[in-house]
> 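Sharing a structure here in structure tokens format.
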Number of protein chains: 2
Amino acid sequence: MTTPTEVWLLMRGFTMDRHERRREVSEATDLPFVRVKALRWIAREPVTLGELSRMLVNDRPYTTLIVNALEERGLVTREAHPEDRRRKLVTITEAGKRVVEKAEAILFAPPPELSALDPDDLATLDRIMRKL
Amino acid sequence: MTTPTEVWLLMRGFTMDRHERRREVSEATDLPFVRVKALRWIAREPVTLGELSRMLVNDRPYTTLIVNALEERGLVTREAHPEDRRRKLVTITEAGKRVVEKAEAILFAPPPELSALDPDDLATLDRIMRKL
DNA sequence: TCCAATCGTTGTAGTTCTACAATCATTAAC
DNA sequence: GTTAATGATTGTAGAACTACAACGATTGGA
């Protein structure tokens with residue numbers, strides 16, 4: 001009789017303990033992980049600083065510092081919001097996109113164990129994961 | 001045709017993005033997550049400071065500080081190693097065990113989505129996860 | 001026995017991150 | 001038009017974390 005706890009432990013053990021990628025991403029991009037995270041949100045669509053701080057679950061002043069650092073490195077631009085002069089809109093640059101690609105190449109690379117699964121099991125895993 | 005990348009993205013999205021527990025554990029225990037992590041390693045068996053710093057992938061001086069903090073809070077004890085006078089052996093206290101239990105109750109609680117899976121899918125997921 | 005290596009500690013310096021205060025400009029509500 | 005609320009910024013303070021240096025005590029190796 002399988003319990004959800006057992007499955008959860010297996011899954012989190014696999015993803016968080018055995019295949020944790022934060023350090024690797026930070027080294028490859030020469031950016032603290034939170035800045036990569038911010039950049040990835042910005043790459044999805046332009047965001048305001050308030051939105052970004054909510055997404056990152058960070059304090060607004062710290063978010064300002066994060067964006068400052070990204071802007072300084074030429075990875076984002078910051079301009080007035082088209083509808084509200086209190087807000088700024090943060091947009092990714094081409095250089096920023098390249099950093100995101102590099103980070104995601106690392107984050108998204110499946111662990112060898114997954115690649116070694118037979119196609120049936122993989123498809124089954126996919127089907128079940130999509131239900132969650 | 002399912003790719004390992006797709007499955008990996010689903011899995012890491014589920015565990016890391018949607019069910020990340022570090023903040024919750026830190027709040028519940030009033031300890032930075034790395035200290036809870038250290039405590040959990042120590043709870044498995046007594047360790048030396050060198051072993052702990054390797055497990056945590058931390059700098060030895062910082063590991064000393066971590067253990068200092070835990071010791072100060074009465075969660076671990078530190079004593080001479082039985083076989084090597086250069087080493088210290090760090091052992092968990094009863095109070096420490098209670099903190100570990102509290103942390104693991106949070107870490108190990110399966111997300112609602114998993115609990116809502118039907119038993120067949122759950123058992124299948126279990127079977128496949130054990131192959132990884 | 002002497003020298004090299006190891007262990008844990010103390011310390012320095014800097015970066016990252018958290019929490020909070022205060023301020024000014026802008027917008028929303030009345 | 002006036003007041004309250006919102007958004008971003010600047011700033012302060014402290015904790016968490018990283019990297020490195022140096023050192024004394026102990027152990028291993030020659």
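Letters go in sequence order (proteins before strands), and every chain restarts at 1.
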> Run the side-chain hydrogen bond (donor to acceptor under 3.5 Å, both in side chains) test against A:Lys102 and tell me which residues pass, sequence neighbours left out.
none
> Are B:Lys97 and B:Glu94 ion-paired here, with the side-chain N under 4.0 Å from a carboxylate O?
yes
> Any side-chain heavy atom of A:Ile128 within less than 4.5 Å of one from B:Ile128?
no
> I'd like to check the salt bridge (Lys or Arg N to Asp or Glu O under 4.0 Å) partners of B:Arg87; sequence neighbours left out, ordered by chain and number.
B:Asp84
> Under a 4.0 Å heavy-atom cut-off, which of residues 70-91 of chain B touch DNA chain D?
B:Asp84, B:Arg85, B:Arg86
> Check salt bridge (Lys or Arg N to Asp or Glu O under 4.0 Å) between A:Arg85 and all other residues, then give those that pass, not counting sequence neighbours.
none
> Under the side chain to side chain donor-acceptor pair (under 3.5 Å) definition, can you give me all pairs with a residue in residues 1-14 of chain B, not counting sequence neighbours?
B:Thr3-B:Glu6
> Starting from B:Val57, walk the hydrophobic network (Ile, Leu, Val, Met, Phe, Trp, Tyr; side-chain heavy atoms closer than 4.5 Å) and list everyone else you reach, by chain and number.
none
> Write down the distance between CD (B:Glu27) and P (C:dT18), rounded to a whole number of angstrom.
11 Å
> In residues 46-64 of chain B, which ones come under 4.0 Å of DNA chain D, going by heavy atoms?
B:Asn58, B:Asp59, B:Pro61, B:Tyr62
> Going by salt bridge (Lys or Arg N to Asp or Glu O under 4.0 Å), name the residues that satisfy it together with A:Glu72, two or more places apart in sequence or in a different chain.
none
> Which pairs pass side chain to side chain donor-acceptor pair (under 3.5 Å) with one or both residues in residues 20-46 of chain B, sequence neighbours excluded?
B:Arg40-B:Glu104
> Angle between the two end axes of the helix from C:dT1-D:dA30 to C:dC30-D:dG1, five base pairs per end, rounded to 10 degrees?
30°
> Please report, rounded to the nearest Å, how far the P atom of C:dT18 is from the CZ atom of B:Phe33.
14 Å
> Would you grab the first and last nucleotide of DNA chain D (5' to 3') that comes under 4.0 Å of any non-hydrogen atom in chain A?
D:dA5 to D:dT18
> Would you please name every residue forming a salt bridge (Lys or Arg N to Asp or Glu O under 4.0 Å) with A:Arg127, sequence neighbours left out?
B:Asp121
